[in-house]
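Heads up, the thing below is written out as structure tokens.
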Amino acid sequence: MSATTQQDNWRFCNKCYTLWWNGRPDNGHCPAGGAHEGHGSWNFYLPANPAEHI
């Protein structure tokens, strides 16, 4: 049985329409230009399995 957990602080970008992790001070690079824009976004929780290898 695998240990699944959740990672929060994912937001929806109003410019590129994707989720990005909001844990960086600069919000990361948005493919639509500049930094991601997340005003009004919910805080999404995504499942994560640290034991799984890609």
Side-chain angles (χ1 to χ4, degrees):
M1 184 164 200
S2 64
T4 301
T5 186
Q6 294 179 349
Q7 182 184 47
D8 73 335
N9 213 10
W10 286 86
R11 302 289 195 268
F12 180 78
C13 179
N14 297 314
K15 293 190 315 185
C16 69
Y17 308 111
T18 62
L19 292 178
W20 94 95
W21 187 64
N22 192 37
R24 293 175 47 136
D26 62 0
N27 284 347
H29 174 74
C30 177
H36 289 285
E37 165 60 49
H39 291 310
S41 175
W42 293 354
N43 179 21
F44 292 93
Y45 287 76
L46 298 182
N49 184 353
E52 184 176 315
H53 299 289
I54 297 175

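Side chains included, hydrogens not; waters and symmetry mates left out as well; all remaining heavy atoms used.
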Handout entry: Check: Gln6 side chain, Asp8 main-chain N or O, donor-acceptor pair, under 3.5 Å
Key = no

Completion exercise
Rounding to 0.5 Å, atoms CG (Asn22) and NE2 (His36) come to a distance of 9.5 Å

Please set out all donor-acceptor pairs under 3.5 angstrom arising from side-chain atoms of residues 40-47, sequence neighbours excluded.
unit_1: Ser41; atom_1: OG; unit_2: Phe12; atom_2: N; d: 2.8
unit_1: Asn43; atom_1: OD1; unit_2: Asn9; atom_2: N; d: 2.8
unit_1: Asn43; atom_1: OD1; unit_2: Arg11; atom_2: NH1; d: 2.8

Handout entry: Partner residues of Ala35 under the side chain to side chain contact (heavy atoms under 4.5 Å, CB included) criterion, sequence neighbours left out
Key = Asn27

Completion exercise
Residue pairs meeting salt bridge (charged side-chain N to carboxylate O under 4.0 Å, His left out), one or both in residues 20-29, sequence neighbours left out, come to Arg24-Asp26

